[in-house]
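Read through the structure below, which is laid out as structure tokens, and then see the notes.
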Amino acid sequence: MSETAVPPPMLDHVVVNVRGALDEAFAAYERLGFQLTVRGHHTLGSANHLAIFDTAYLELLGYEPGKGGGRADLWEHPAGLTGLAFKDDDGRYADLVARGLPVTPPAEFSRPVLLADGPHDARFRVVRLSPGEVQNGRTFFCHHYTPDLVWRPEWQRHPNTAVSVRDFVIATRDPARIASLYEHMFGPGALRSEGGNLSFAAGATTIHILTPDAAEARLGTPVELGPDGTDRMVALVLRVSDIAATGRVLTGNGVTVEALPGNGLVVPASEAAGAVLGFVPLEG
């Protein structure tokens with residue numbers, strides 16, 4: 001596959017690593033106004049809750065008591081935002097290999113989903129950048145064999161009126177180094193630079209690669225790098241259909257809310273299982 005034929009990146013989902021605190025994270029995200037799916041159990045050993053949006057979703061990923069030995073490599077990452085998943089297609093793995101990117105072979109797994117008509121299996125295939133390529137987290141591609149078991153209209157209605165992911169923020173002391181990885185992945189010209197800030201589009205979502213100072217200026221709240229100053233995925237900004245309703249839900253549930261620079265609201269990482277969350281009007 002030639003570089004010009006590479007499909008553009010499209011966000012599939014984001015992962016908040018909650019380790020062994022699934023119950024606490026579930027309660028925190030309910031306070032934030034998300035309707036979460038019932039707990040799912042992967043065949044790989046992990047467990048999750050999802051907040052489903054229009055074409056992407058947020059995953060609270062962790063393990064239940066006594067089950068931390070499954071996928072133990074994930075729990076070595078700091079709690080908080082640790083996963084950036086793009087939509088997959090049948091040719092993506094071959095293209096990544098052809099580009100010389102260090103990726104793991106496609107892996108398939110599933111989790112049971114109980115609907116009104118009975119039990120079903122949601123099935124997935126993932127292709128991951130090899131461990132160590134992304135500090136304090138993972139970048140990977142996810143193909144859904146059964147998207148109808150994920151993007152269900154009854155799961156997309158959130159009290160905070162969240163609709164979609166506008167921004168995903170990575171903080172780093174060396175934006176150019178991380179940018180080169182994603183440019184290698186998606187081809188020359190995928191990234192853009194504005195005033196030294198680097199970003200690229202993944203469908204309706206913009207991935208921002210920022211210094212800590214630039215991230216804090218954009219978000220209006222502190223962000224933390226990883227251990228020893230390593231790179232870290234730090235924040236999401238979500239589009240909402242009614243920002244006034246979002247504010248009422250957050251303040252009504254006793255959540256700490258600050259002004260997001262521009263036009264919106266922001267919740268510090270301490271309120272959202274280690275991930276800074278911003279909320280902006282749908283047209284914002």
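Atoms considered below: every heavy atom in the structure, side chains included; atoms not considered: hydrogens, waters and symmetry mates.
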Heavy-atom donor-acceptor pair, Ser130 side chain to Pro102 backbone, under 3.5 Å: yes
Spacing of Asp174 atom CG and Gln135 atom CD [to the nearest 0.5 Å]: 9.5 Å
Over 12 non-hydrogen atoms of neighbours within 6.0 angstrom of CD in Glu258: yes
Test log, rule side chain to side chain contact (heavy atoms under 4.5 Å, CB included), inputs Ile209 and Val169: CA-CA 6 Å; Ile209 305 167; Val169 180; over 6 Å; no
Phe53-Trp151 aromatic ring centre distance below 6.0 Å: no
Exercise: do His144 and Asp12 side chains pair donor with acceptor under 3.5 Å: yes
Pairs satisfying salt bridge (charged side-chain N to carboxylate O under 4.0 Å, His left out), at least one member in residues 21-31, at least two apart: Asp23-Arg39
Pairs meeting criterion ring-ring contact (aromatic ring centres under 6.0 Å, His included) with involvement of residues 92-119, two or more places apart: His42-Phe109, Phe109-Phe124
Whichever hydrophobic residues join Met10 through chains of side-chain contacts under 4.5 Å: none
Minimum heavy-atom distance Ala85-Leu11, with the two atoms named: O-CD1, 3.5 Å
Sidechain-backbone polar pair: Thr246 side chain, Asn160 backbone, donor-acceptor under 3.5 Å: yes
Nearest heavy-atom neighbours spanning Ser193 and Leu198: CB-CD2, 3.7 Å
Single-linkage hydrophobic cluster Leu282~Tyr57, side-chain heavy atoms < 4.5 angstrom: no
Test: Arg111 and Asp121 ion pair at under 4.0 Å: no
Under 3.5 Å donor-acceptor, Arg152 side chain and Asp148 backbone: yes
For Tyr63, ring-ring contact (aromatic ring centres under 6.0 Å, His included) partners two or more places apart: Trp75
CD1-CD distance between Ile52 and Gln156, expressed to the nearest 0.5 angstrom: 7.0 Å
Sidechain N-carboxylate O distance under 4.0 Å for Asp95, Arg99: yes
ring-ring contact (aromatic ring centres under 6.0 Å, His included) partners of Phe200, counting only residues at least two apart: Tyr182, Phe186
Nearest-0.5 Å distance, CG of residue Leu149 to CG of residue Leu114: 11.0 Å
Steps toward side chain to side chain donor-acceptor pair (under 3.5 Å) verdict (Arg123, Ser110): CA-CA 4 Å; Arg123 298 182 295 112; Ser110 65; over 6 Å; no
Considering all heavy atoms, the nearest His208-Ser199 contact: ND1-CB, 3.9 Å
Atom pair CZ (Arg125) and SG (Cys142), whose distance is rounded to the nearest 0.5 Å: 9.0 Å
Pair Arg239-Ser164, side-chain donor/acceptor within less than 3.5 Å: yes
Student check: side-chain heavy atoms of Thr256 and Pro268 closer than 4.5 Å: yes
Test log, rule side chain to side chain contact (heavy atoms under 4.5 Å, CB included), inputs Leu265 and Ile243: CA-CA 8 Å; Leu265 305 169; Ile243 191 69; 4.1 Å; yes
Shared hydrophobic cluster for Val150 and Val14 (ILVMFWY, side-chain gaps under 4.5 Å): no
Side-chain donor/acceptor of His49 to backbone N/O of Thr37, under 3.5 Å: yes
Closest non-hydrogen atom pair between Ala273 and Val18, with its separation: CB-CG1, 4.1 Å
Under 3.5 Å, which donor-acceptor pairs do the side chains of residues 225-238 form with other protein atoms, sequence neighbours left out?
unit_1 : atom_1 : unit_2 : atom_2 : d
Thr230 : OG1    : Asn136 : ND2    : 2.7
Thr230 : OG1    : Pro227 : O      : 2.7
Asp231 : OD1    : Thr172 : OG1    : 2.7
Asp231 : OD1    : Arg177 : NH2    : 3.0
Asp231 : OD2    : Arg177 : NH1    : 3.2
Asp231 : OD2    : Arg177 : NH2    : 2.9
Arg232 : NH2    : Ala79  : O      : 2.6

Flag side-chain contact, heavy atom, 4.5 Å: Asp88 against Phe86: no
Counterpart residues, ring-ring contact (aromatic ring centres under 6.0 Å, His included), relative to Phe34 (two or more places apart): Tyr29, His158
Tyr145: ring-ring contact (aromatic ring centres under 6.0 Å, His included) partners, not counting sequence neighbours: His143
N/O donor-acceptor pair under 3.5 Å between Thr205 side chain and Val165 backbone: yes
Side-chain donor-acceptor contact under 3.5 Å, Arg128 with Thr104: no
Heavy-atom check, side chain of Leu22 versus side chain of Glu64, under 4.5 Å: yes
Pairwise distance CG(Leu260) to OG1(Thr221) - rounded to 0.5 angstrom: 10.0 Å
ring-ring contact (aromatic ring centres under 6.0 Å, His included) pairs, two or more places apart, involving residues 220-244: none
Heavy-atom side-chain contact between Leu36 and Leu60 under 4.5 Å: yes
Taking every non-hydrogen atom, the tightest pair across Ala215 and Val223: CB-CG2, 4.1 Å
Polar side-chain atom of Lys67 near backbone of Gly62 as donor-acceptor pair, under 3.5 Å: no
Closest approach of Pro175 to Thr211 (non-hydrogen atoms, all atoms of both residues): CG-CG2, 3.9 Å
Listed once per pair and sorted, the salt bridge (charged side-chain N to carboxylate O under 4.0 Å, His left out) pairs that draw on residues 190-217, sequence neighbours left out: Arg192-Glu194
Point-to-point distance, once rounded to the nearest 0.5 Å, from CD of Glu183 to CD1 of Ile178: 14.0 Å
Joint cluster assignment, Ile207 & Leu58, ILVMFWY side-chain distance < 4.5 Å: yes
Connected via hydrophobic side-chain network under 4.5 Å: Val267 and Phe26: yes
Side-chain touch Leu96/Phe141, heavy atoms, less than 4.5 angstrom: yes
Partner residues of Thr82 under the side-chain contact (heavy atoms from CB on, under 4.5 Å) criterion, sequence neighbours left out: Val15, Asn17, His77
Co-members of Val249 in a cluster of I, L, V, M, F, W and Y side chains, linked at under 4.5 Å: none
Path from Val266 to Leu210 over hydrophobic side-chain contacts below 4.5 Å: yes
Audit row: Leu32, Val255, side chain to side chain contact (heavy atoms under 4.5 Å, CB included) steps and yes/no: CA-CA 7 Å; Leu32 292 166; Val255 175; 3.8 Å; yes
